[in-house]
Amino acid sequence: MIQTRFFPKWLLPRNPSKPTSSFSSKSHFNQPIISPSSPSPIVNPILLQPRVVVYDGVCHLCHQGVKWVFKLDKHRKIKFCCLQSETAEPYLSLCGLNGDDVLRRFLFVEGPGVFHQGSNAALRVVSYLPFPYSALSGFRVFPTTIRDSVYDYVAKRRYEWFGKENDCLVLGEKEMLERFIDRDEILGQF
């Protein structure tokens, strides 16, 4: 019970018989905030984790790229999220993208209001890796249109060339799950 004589009225909860708390037993991390005036969720960018790669989790080529970054990122700067998980939705909303956009070009959310797709995303990700791999980010000197046309050419043919699974490929790599922000959801499916 809150002692009302020690606090000004404007600091007290509106219903003193029902104390309020800003904390709850259920974590609201990565949960969208629903506005009563709009049907779509509004994402609070402060609640989202920085440096998250959202990628096609069923694509063999994409998964090999994630494994490569996972192996080289010794300081654990980069986190991952499968596009097929519900955890990816707030990141897509924040960037104004849908699942089809990310199927065409993977997404790297660097922080609130800062995201990249396609070749720009790949070059931003490698910039976080240790030297000499971070030097690959120097490919930014080439025009984005040229880099993205090469990226798009490979992306359109990746299933045909490298294959596709029905489930997220990270399930076969349990040691990688520690860096996946959607690991609880992935493990809950099986």
May I have the step-by-step check of side chain to side chain contact (heavy atoms under 4.5 Å, CB included) for Phe106 and Cys62, ending in yes or no? CA-CA 9 Å; Phe106 88 95; Cys62 304; over 6 Å; no

Between Phe108 and Tyr91, is a side chain to side chain contact (heavy atoms under 4.5 Å, CB included) present by the stated rule, with each step listed? CA-CA 9 Å; Phe108 179 54; Tyr91 292 92; over 6 Å; no

Audit row: Asp152, Arg105, side chain to side chain contact (heavy atoms under 4.5 Å, CB included) steps and yes/no: CA-CA 8 Å; Asp152 292 341; Arg105 294 180 173 173; 2.6 Å; yes

Using the rule given for side chain to side chain contact (heavy atoms under 4.5 Å, CB included), can you reason through His60 versus Arg158, listing the C-alpha separation, both sets of side-chain angles and the distance that settles it, and then say yes or no? CA-CA 8 Å; His60 282 279; Arg158 71 184 188 273; over 6 Å; no

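Tracing side-chain contacts under 4.5 Å through hydrophobic residues (I, L, V, M, F, W, Y), one never reaches Leu61 starting from Leu136; they form parts of separate clusters. At a threshold of 4.5 Å between side-chain heavy atoms, the hydrophobic network of Ile, Leu, Val, Met, Phe, Trp and Tyr places Ile146 and Tyr153 in two separate groups. Cluster annotation: Val109 is not connected to Val114 through the hydrophobic network of ILVMFWY side chains, with a link wherever side-chain heavy atoms come within less than 4.5 Å.
At least one side-chain heavy atom of Cys95 sits less than 4.5 Å from a side-chain heavy atom of Leu107. In this structure the side chain of Val58 reaches within 4.5 angstrom of the side chain of Gln84, judged on heavy atoms. Annotation: side chain of Met176 is in contact with side chain of Val66 (closest heavy-atom distance under 4.5 Å). The side-chain heavy atoms of Phe139 and Leu123, taken from C-beta on, include a pair separated by under 4.5 Å. Counting heavy atoms from C-beta outward, Leu103 and Tyr55 have side chains that stay 4.5 Å or more apart. Between Trp161 and Lys156, the closest side-chain pair of non-hydrogen atoms is not below 4.5 Å. Between Leu92 and Leu83, the closest side-chain pair of non-hydrogen atoms falls below 4.5 Å. Between Val54 and Phe115, the closest side-chain pair of non-hydrogen atoms is not below 4.5 Å.
Summarising the geometry of Cys82 relative to Gly57, their closest heavy-atom pair is SG-CA, 4.0 Å, with the distance given to 0.1 Å. Across all their heavy atoms, Trp68 and Leu129 have their closest contact at CZ3-CD1, 3.8 Å. Minimum interatomic distance between Asn98 and Asp100 (heavy atoms only, all atoms of both residues): OD1-N, 3.0 Å.
Side chains of Gln117 and Tyr151: no donor on one and acceptor on the other come within 3.5 Å. A side-chain donor-acceptor contact under 3.5 Å links Ser85 and Asp182. For the residue pair Arg147/Asn120, the side-chain donor-acceptor check at 3.5 Å is satisfied.
Formation of a donor-acceptor pair under 3.5 Å by the Lys77 side chain with backbone atoms of Lys74 is not found in this model. Of the possible polar contacts, one joining the Arg179 side chain to the Ile78 backbone as a donor-acceptor pair under 3.5 Å is found.
We find the CD-SG distance between Gln49 and Cys81 to be 9.5 Å, quoted to the nearest 0.5 Å. Gln64 CD to Phe162 CZ: the interatomic distance, rounded to the nearest 0.5 Å, is 9.5 Å. To the nearest 0.5 angstrom, Cys59 atom SG is 6.0 Å from Tyr159 atom OH.
We find that Asp73 and Arg76 are not joined by a salt bridge, their nearest charged nitrogen and carboxylate oxygen being 4.0 Å or further apart. Look at Glu110 and Arg124 and you find a salt bridge, because one of the NZ, NE, NH1 or NH2 atoms lies within 4.0 Å of a carboxylate O, short of that distance. Between Asp56 and Lys164, none of the side-chain N atoms (NZ, or NE/NH1/NH2) sits under 4.0 Å from a carboxylate O, so this pair counts as no salt bridge.
Using cut-offs of 30° and 60° for the angle between ring planes, the Phe180 and Phe80 rings count as tilted.
Other residues, nucleotides and ligands contribute only 12 or fewer heavy atoms inside 6.0 Å of the OH atom of Tyr133. Within 6.0 Å of the CD atom in Glu86, the count of heavy atoms belonging to other residues, nucleotides or ligands does not exceed 12.
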